[in-house]
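Please read these numbers as outputs of a predicted model, since none were measured by experiment.
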Amino acid sequence: MPRPLAPLLAWLLVLAAGVAAVVTILPPTPEHDAAATGPSAARAFADVERIAVRPHVAGSPANDAVREYVLTTLRDVGFAPRVQDTVGVDAGSLGDGTAAAARVRNVITTVPGTSPTGRVFLVAHHDSVQSGPGANDDGAGTATLLETARWLRAHPPRNDVVLVSTDAEEACLCGAEAFVAEAPEAADGGVVLNVEARGTSGPVIMFETTPGNGAVVREFAAAAPHPVATSFAVEVYRILPNDTDFSPFRDAGRFTGLNSAYIDGSAAYHGPQDVPARMDLGSLQMHLDNTTALVSRLGAADLAAVRAGSADATYFPVVGHLVRYPDALVVPLAVLAVVAVAGFALVALRRGRTTRRRLLVGAAAGLVPLVVAPALAQLAWLGLTALRPGYAALRDPWQPGWDRIALACLVAAVVLAWFALLRNRTGTTALSVGGLTWLAVLGVVLAVVAPGGSYLTALPALAGGVAGIVGGRIAAALAGVVAVLVLVPTAVLFLPALGLSVAAVPAFVMALLGLALVPLLDLLPIPRLPPAVALAAALVLGVAGFARNAFDATQPAPSQLMYLLDADARTARWVSAEARPGPWTAGYLDGREELDLPGFGGAYATGPAVPADLPPATVTASREGRTVTARISPQRAVRFVALRSEGGVISAAEIRTGVAGTPAPVRDGRLDLLFHAPPPEGLELRLTLAEGADEPAGDLRLQVTDGTDGLDGLPGFRARPPDVGVAGSHTSELVAVTAAHPL
């Protein structure tokens, strides 16, 4: 082959692999025909438009309307849904020791199987946050559930399929908690599929599984037409504090399952901009395609085999397919990668292509891009937030596309400049071995601490080591293709998952890819030109992205503000959770202080406010023996009531609504409970005093904080300017009134 043509073809092969790796994980073209016989984004989007008319927080009239729409749609399809009206409790949902509970009304529909071997559960939540209509989170999931119901009517399953539209997910996962704890349909467990969204667009990622996922991942790989999933995401998610409705099923121990969501466009997450118009119909179609295919396959499978205990699998997407292998191969492959890289080094020494000294220098030098590229990426984000402070409250800008390409160009500039500086001094072979050494070492480390992520570096190191032993441009190009197919999807998925606010992580993955491609860098004809071009591209694209993401009425700067009133002291204050309050929020604040309210512990920015004429909840109490009964009656239409006992020592507590009585967690002799969606008539609380409390209860008190939403009309409140919006937060626009009541 002519000398100039071989390097060109090698790079074209690698670039083609990169394009294929990206294109094959993107959402499909949506089905625009609402009358289509298969899953239709157009038909499901009509459901989204009915669901996301307005915010519909648990317990609100708007949420009642959404629940009725779900019930009516399921009945129209031909099923007989029921409502589980109860109280759900999550003792660990809040990090400050406060337990959470809610009155929930789940919609449960059982599609009976023709010859069941178990049950498949499809789960989505129909409530939204208080600050946004929840078109994507989780209107998309609810619409997917309804579209799957239509599919099931035309395709009766072998196994029972239970459609679970949960309530109060945003509040405390309490709908799912109540279903798992109380619903007879859940008693024997089964296979669960949870459908979520954390943004407005992007590919649907299967990002979480129950432990021992080998069998259920096998079913996913065989069924999903768009199998975008990586076992590394599971490893990462297991150490994060995040939860969804999948968590109660996972923690119960009797369910096997998968959790899926699309996650791009996070600037609209949980905010007023989570509206149907912002939804990517391709992402919705991907949910529909994968979910109906999975329900169809699992609905026909022997669920005993799917639920059978098995080891975790390693898996990742490759051009439209899911490559997977058992956990037992993780360590051997990591060891083989080390052996291959060591073999490459020995062959290079024997052939006189390098020296021991150069190999040591190459190994040390390989660390440079892995440190410099992530550091510069994070500094770039800090620079952007310094120029535009509103970015600090965002995971990603509103339109992050140019910024992401700029990040890739920045990493490329670092790797190319590093190679150009060391190419002649150290030699390509030594730099190749040095880079692959770091990949191999990371493969071993990950095999020990996060087995599902070991493939990310072990497989490129193995391919690179073998290519180095074999020698030649064809082998180098094939090794480059392996590295691209393994690492590019992860880098692309990490960008929306973590956002540019944590740009160092995707930059690190991109730098790993750069080290794996060192043998091909030697084929570039003008070594000093590519780094300059990449850096110039990063600057130009970064400036373009910055201009594109200026705040305005369609993509506002987020702001978070609350109003807290102490009804006993008749004092009030403005409170914000913003770490760096923007100009509008800062106008209400003058310092920081520690708050100690249920669900609101920690340091906040605060400022004085004029007390509003807002009535606190009333409490009437009585005592019989060691049982104190308190009736809490909010005087406003509240979203939650927070209850905290002070003084006397409590051994047990029960919270009662008009529909159920539920034990409330007691910790260290004290009740600390955040109750969402209380009924209009209020709550009844029964406290059992500890042994020895037969005399009058003394200083036993109940601190009651109730919360509503909306700051308009409060004294001193000024409307936000058009380019300032409400941050996607569970406490944005909160108005909380607190008072202490002796019992």
- Message: Quick one: does any side-chain atom of E31 pair with a main-chain N or O of Q285 as donor and acceptor, under 3.5 Å?
- Response: no
- What is the distance from atom OG1 of T117 to atom CG of L298, rounded to the nearest 0.5 Å? 9.5 Å
- Minimal non-hydrogen separation, G214 against A313, with atom names: CA-CB, 4.0 Å
- Without swapping roles, check the side chain of S128 against the backbone of H56 for a donor-acceptor pair under 3.5 Å. yes
- Taking S247 for the side chain and D243 for the main chain, is one N or O donor matched with an acceptor at less than 3.5 Å? no
- Query: Taking all atoms of both residues into account, what is the closest heavy-atom pair of P400 and L500, and its distance?
  - Reply: CB-CD1, 4.4 Å
- Task: Please assess T490 against L493 for the test side-chain contact (heavy atoms from CB on, under 4.5 Å), listing each intermediate value before the final yes or no.
- Result: CA-CA 5 Å; T490 300; L493 296 177; 5.9 Å; no
- Item | N/O donor-acceptor pair under 3.5 Å between S283 side chain and P203 backbone | no
- Query: Within the distance-only criterion (no hydrogens, no angle test), does the side chain of T148 pair as donor or acceptor with the backbone N or O of T291 below 3.5 angstrom?
  - Reply: no
- Stepwise, does the side chain to side chain donor-acceptor pair (under 3.5 Å) test hold for T244 with E169? CA-CA 7 Å; T244 67; E169 189 270 356; 5.5 Å; no
- Message: Counting C-beta onward and ignoring hydrogens, is there a side-chain heavy-atom pair between T200 and D280 closer than 4.5 Å?
- Response: no
- Task: I would like to know whether E578 and S559 meet side chain to side chain donor-acceptor pair (under 3.5 Å); could you show each step before the answer?
- Result: CA-CA 7 Å; E578 292 182 40; S559 66; 4.8 Å; no
- Query: Rounded to the nearest 0.5 Å, how far does CZ of R198 lie from CD1 of I205?
  - Reply: 8.5 Å
- Message: Parallel, tilted or perpendicular, judged at 30° and 60°: which one describes the rings of F249 and F179?
- Response: tilted
- Are side-chain heavy atoms of D396 and R404 found at a separation under 4.5 Å? yes
- CG/D90 to CG/L674 distance, rounded to the nearest 0.5 angstrom? 11.0 Å
- Query: Do we see a donor-acceptor contact under 3.5 Å between the side chains of Q399 and Q555?
  - Reply: yes
- Query: Do the side chains of E196 and S260 get nearer than 4.5 Å, heavy atoms only?
  - Reply: no
- Give a yes or no on whether a salt bridge exists between D312 and R238, defined as a side-chain N under 4.0 angstrom from a carboxylate O. yes
- Salt bridge present between R105 and D64 (N-O < 4.0 angstrom): yes
- Is H126 close to N63 at the side-chain level, that is, under 4.5 Å between some pair of heavy atoms? yes
- Message: Any donor-acceptor pair under 3.5 Å linking the side-chain atoms of Y391 with those of S501?
- Response: no
- Message: Assess the residue pair Y455 and F316 against the criterion (ring-ring contact (aromatic ring centres under 6.0 Å, His included)); give the C-alpha distance rounded to whole Å, side-chain angles, the decisive distance to 0.1 Å, and a yes or no.
- Response: CA-CA 9 Å; Y455 78 92; F316 51 94; 4.4 Å; yes
- Query: Are D85 and R103 ion-paired here, with the side-chain N under 4.0 Å from a carboxylate O?
  - Reply: yes
- Query: At what distance, to the nearest 0.5 angstrom, does CD1 of I51 lie from OG1 of T142?
  - Reply: 5.0 Å
- Heavy-atom distance under 4.5 Å between the side chains of S40 and E147, does that happen here? yes
- Query: For A491 and P506, which heavy atoms make the closest approach, and how far apart are they?
  - Reply: O-CB, 4.3 Å
- Message: With heavy-atom distances below 4.5 Å as the criterion, would you say the side chains of F246 and E208 are in contact?
- Response: yes
- T314 and side-chain contact (heavy atoms from CB on, under 4.5 Å): which partner among L456, V330, V234? V330
- Item | More than 12 heavy atoms from other groups under 6.0 Å of CZ on R50 | no
- Is it the case that more than 12 heavy atoms not belonging to R54 sit under 6.0 Å from its CZ atom? no
- Task: Calculate, to the nearest 0.5 Å, the distance between atoms CG and NE2 belonging to L288 and H226 respectively.
- Result: 9.5 Å
- What closest approach, in Å, do P317 and L322 show between heavy atoms, and which atom pair accounts for it? N-CD1, 4.0 Å
- Item | Donor-acceptor under 3.5 Å (T657 side chain, L683 main chain) | no
- Query: Sub-3.5 Å donor-acceptor pair from the side chain of T210 to the main-chain atoms of G257, do we have one?
  - Reply: yes
- Query: When you check the gap from the basic side-chain N to the acidic O, do R639 and E733 get nearer than 4.0 Å?
  - Reply: no
- Message: What I'd like to find out is whether the side chain of Y69 reaches to under 4.5 Å of the side chain of D47, using heavy atoms alone.
- Response: yes
- Among all residues two or more places apart in sequence or in another chain, which pass the ring-ring contact (aromatic ring centres under 6.0 Å, His included) test with F232? F494
- Donor-acceptor contact present, side-chain T209 to main-chain N213, <3.5 Å: no
- Quick one: do the D274 and N136 side chains pair a donor with an acceptor below 3.5 Å? yes
- Query: Side chains of Q130 and P55: does their closest heavy-atom pair fall under 4.5 Å?
  - Reply: no
- Message: Quick check against the 3.5 Å criterion: does T705 have a side-chain atom that pairs as donor or acceptor with the backbone of A642?
- Response: no
- Item | N242 atom CG: more than 12 heavy-atom contacts under 6.0 Å | yes
- Message: Hydrogens and angles aside, do D167 and N106 bring a side-chain donor and acceptor to less than 3.5 Å of each other?
- Response: no
- Query: Judged by atom type as modelled, is there a donor-acceptor pair below 3.5 Å linking the side chain of D264 to the main-chain atoms of P496?
  - Reply: no
- Message: What I want to check is whether the side chains of D137 and H270 have a donor and an acceptor closer together than 3.5 Å.
- Response: yes
- Message: As a quick check of understanding, evaluate side-chain contact (heavy atoms from CB on, under 4.5 Å) for L146 and L74, giving each step before the final call.
- Response: CA-CA 7 Å; L146 296 177; L74 290 168; 3.9 Å; yes
- L152 side, atom CG; L163 side, atom CG - distance, nearest 0.5 Å: 6.0 Å
- Ring-face cation contact, F255 with R250, 6.0 Å cut, 45° max: no
